[in-house]
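In what follows, a structure is listed as structure tokens, so that the remarks can point back to it.
Here the structure is a predicted model, which means the values were calculated and not measured. To find a chain, count down the sequence lines: A is the first, B the second, and so on, and within it residues start at 1.
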Amino acid sequence: MPNAGRARPARCRTRTSRRTGPRASAARPRRVRRAWGCGWPWLRRSYAARRAAAWLVRDRRLPDRDVRRAARVGAAPGRLVRDMAKQQGLTPQSTDFSAWYNELVYKADLVDLGPVRGAFVIRPYGYALWEHIQRELDTMFKATGHENLSFPMLIPMSYFQREAQHVEGFSPELAVVTHAGGQELDEPLAIRPTSETIIGELYAKWVQSYRDLPLLYNQWCNVVRWEMRTRPFLRTTEFLWQEGHTAHADEEEARAETRQMLDVYATFAEQFAAVPVIRGEKTEGERFAGAVQTLTIEAMMRDGKALQSGTSHYLGTNFAKAFGITFNDVHNQQAFAHTTSWGLSTRMIGAIIMSHGDDAGLVMPPKLAPHQIVIVPIARGNDEDAKALVGAEVDRIAAELRTAGVRVKVDDRDGMSPGWKFNEWERKGVPLRVELGPKDLAAGTALVKDRLADDKTAVPLSGLVEFLVEGLGGFHERLFQRALDFRAARMREVHSYDELVEQVESGFAIATHCGDPASEAAIQEATKATVRCIPLDGVPAEGSVCVHTGRPSGYPVKVVFAKAY
RNA sequence: CGGGGCGUAGCGCAGCCUGGUAGCGCACCUGCUUUGGGAGCAGGGGGUCGGAGGUUCGAAUCCUCUCGCCCCGACCA
């Protein structure tokens with residue numbers, strides 16, 4: 001059917017008048033639109049359109065082009081802004097952080113919705129980020145003596161019942177397979193929400209002697225937890241992670257392992273993701289189900305909320321007792337192994353997005369960025385010579401950068417204006433962009449745009465590669481420093497309950513707490529904030545009293561209160 | 001599970017009140033002109049209106065049932 005209406009030839013159109021071609025002539029007498037659809041509403045629409053255009057231009061809400069287009073449509077101003085923001089732009093971070101995040105993960109091509117609630121597809125650009133996270137972490141795991149292995153995804157339900165705390169903690173979020181091969185199973189199988197149980201079962205088999213210890217293993221896998229509410233990367237039904245599981249002959253060694261892996265996470269977060277973190281211990285209420293001690297790294301997002309970005313657990317002999325991980329020690333005495341587990345998930349991607357992103361979109365930390373540098377060649381399509389010259393130079397630069405170990409993307413796509421590409425790569429957070437066109441070639445320079453800077457720098461082609469390589473290193477430092485400064489501005493010690501209530505509205509509050517779970521719960525009830533952690537290198541609490549109950553501190557240091565994801 | 005909203009083209013929406021067999025923007029395809037901050041013109045393709053019943057000559061529109069999704073509250077890396 002011809003789209004004859006598109007040009008909107010007549011203002012007072014009727015359905016019949018818009019139709020041409022065979023269908024229209026096919027004799028079906030079409031009812032003329034109701035009178036009001038053709039009379040004053042047009043005037044109203046026109047008025048609204050003109051008013052919208054003026055308003056939008058005045059407030060610089062939209063580029064002229066969009067306004068003109070909108071005027072043609074005759075959309076109402078408010079709706080127009082919303083729709084345009086949805087389709088082309090991005091809700092500014094400062095306007096609505098949550099909306100900003102939700103839009104960005106789709107518009108930066110990180111995720112897409114899967115058919116099952118809360119199960120997201122990670123698209124290539126998002127997965128590339130995950131691959132770099134994996135690669136760096138895996139290297140660090142290997143360097144600390146760990147080996148990778150793979151355990152099955154299906155776990156007999158009975159395994160969960162063996163550790164009382166563990167089953168209580170995970171039962172509500174288990175997904176369970178009850179049928180297979182066309183029959184109901186004798187024993188239902190849980191899809192792993194974490195693998196302590198099945199690994200415990202096997203460790204019991206593998207460990208006989210103190211000579212078999214320690215066991216230092218890790219697996220990269222997916223897990224499923226049936227959460228009530230889901231958000232891309234932050235809380236999803238299925239997610240990717242690594243889970244390390246180790247077994248040791250004594251408590252001291254196991255605790256040292258727990259701490260070592262926490263430090264690995266912290267180092268990774270700060271030196272690779274440029275995300276500053278607070279290392280600390282979880283309170284009893286926030287502890288992993290079945291653990292003796294849970295250590296965490298907590299990062300501050302740009303809305304002042306905390307995100308637990310990695311955890312390391314000392315499990316004591318809880319799982320050893322539940323699964324019979326015993327060994328004969330040097331004195332031929334039978335003993336239970338001390339186990340640990342530690343995990344970091346695709347939630348880290350959420351941490352990166354919310355630690356660094358701004359109104360224009362993502363800002364990728366260079367060491368993990370899928371593309372560290374993007375080069376946009378600029379040339380008129382009808383000027384083959386210029387195109388070829390620019391193309392050759394761009395290829396040369398890209399090749400040199402690759403030789404220097406830089407992940408570089410040449411965006412030579414046809415049919416898109418340079419401006420469109422600039423916006424796209426900024427939204428996707430590429431740290432550095434190189435623009436090269438005929439004018440630059442003539443001047444012997446290239447324009448370099450830094451994702452954190454407002455202006456562009458003309459750099460001589462002769463020193464371009466060195467400039468860029470150095471720029472990436474500097475970028476990481478500036479990004480990390482910016483995040484540190486942001487956190488410093490939003491984190492402070494508080495000395496009264498009122499101060500705490502106010503502080504957690506915008507950031508982290510460092511406060512003395514008595515450690516009473518009831519008090520913690522009451523504070524959460526009133527403020528939505530919880531104790532994120534008891535910092536490992538915190539402010540000594542001696543001499544101060546709990547800001548909530550006035551009782552003595554329950555911990556050696558002041559604790560971190562914040563709202564959390 | 002409680003409260004609120006929504007299912008119409010790939011995406012965002014209008015049309016529904018007042019029934020007459022579907023439209024707008026973006027995206028997509030073709031051609032030409034373009035390309036230094038989201039290009040223009042022209043032509044074009046694409047929808048069993050979430051599903052099932054019902055009312056009616058006729059249902060995206062009215063009625064009944066149903067499925068699904070999103071947002072806000074109680075759980076979590």
Under 3.5 Å on both distances, the Watson-Crick or G-U partner of B:C11: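 With both distances under 3.5 Å, B:C11 matches B:G25.
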Non-hydrogen atoms of [X] and [Y] that approach each other most closely:
| X | Y | answer |
| --- | --- | --- |
| A:T237 | A:T230 | OG1-CG2, 3.9 Å |
| A:V111 | A:P232 | CG2-CB, 4.3 Å |
| A:L436 | A:T445 | CD1-O, 3.5 Å |
| A:H313 | A:A291 | CB-CB, 4.1 Å |

Touch class at under 4.0 angstrom, heavy-atom based, for A:R433 against every strand present: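 Base contact - A:R433 has a heavy atom under 4.0 Å of at least one base atom.
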What distance, rounded to whole Å, do you find between the two [atom1] atoms, one in [N] and one in [M]?
| N | M | atom1 | answer |
| --- | --- | --- | --- |
| B:G51 | B:U8 | P | 10 Å |
| B:C26 | B:A42 | P | 12 Å |
| B:G12 | B:G50 | P | 14 Å |
| B:C70 | B:C24 | C1' | 24 Å |
| B:C62 | B:C49 | C1' | 16 Å |
| B:U66 | B:C29 | C1' | 39 Å |
| B:C57 | B:G5 | C1' | 36 Å |
| B:C13 | B:G54 | P | 33 Å |

Rounded to whole Å, how long is the line connecting atom [atom1] of [X] with atom [atom2] of [N]?
| X | N | atom1 | atom2 | value |
| --- | --- | --- | --- | --- |
| A:D109 | B:G10 | CG | P | 18 Å |
| A:R231 | B:C70 | CZ | P | 13 Å |
| A:R413 | B:G38 | CZ | P | 16 Å |
| A:K107 | B:C11 | NZ | P | 14 Å |
| A:W420 | B:G38 | CH2 | C1' | 8 Å |
| A:Y106 | B:G12 | OH | P | 10 Å |
| A:Y101 | B:C71 | OH | C1' | 17 Å |
| A:I378 | B:U34 | CD1 | P | 17 Å |

May I ask you to decide whether [X] forms a salt bridge with [Y], counting only side-chain N to carboxylate O separations under 4.0 Å?
| X | Y | answer |
| --- | --- | --- |
| A:D358 | A:R451 | yes |
| A:E227 | A:R229 | no |
| A:R433 | A:E426 | yes |
| A:E424 | A:R413 | yes |
| A:E435 | A:K449 | no |

Base of B:G38 paired with side chain of A:E424 (donor-acceptor, under 3.5 Å):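 For A:E424, whose side chain was compared with the base of B:G38, there is no donor-acceptor pair (under 3.5 Å).
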Pair of N/O donor and acceptor under 3.5 Å linking B:G37 base with A:K456 side chain: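 Result: at least one qualifying N/O pair found.
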RNA chain B-proximal residues of residues 434-441 of chain A, any heavy atom under 4.0 Å: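 Hits under 4.0 Å, by residue number: A:E435, A:G437, A:P438, A:K439, A:D440.
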Heavy-atom protein contacts under 4.0 Å, nucleotides 72-77 of chain B, coded B base, S sugar-phosphate only, - none: SSBBBB
Charged tip of A:R235 within 45° of A:Y565 ring normal and under 6.0 Å: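 Verdict for A:Y565: no cation-pi partner in A:R235.
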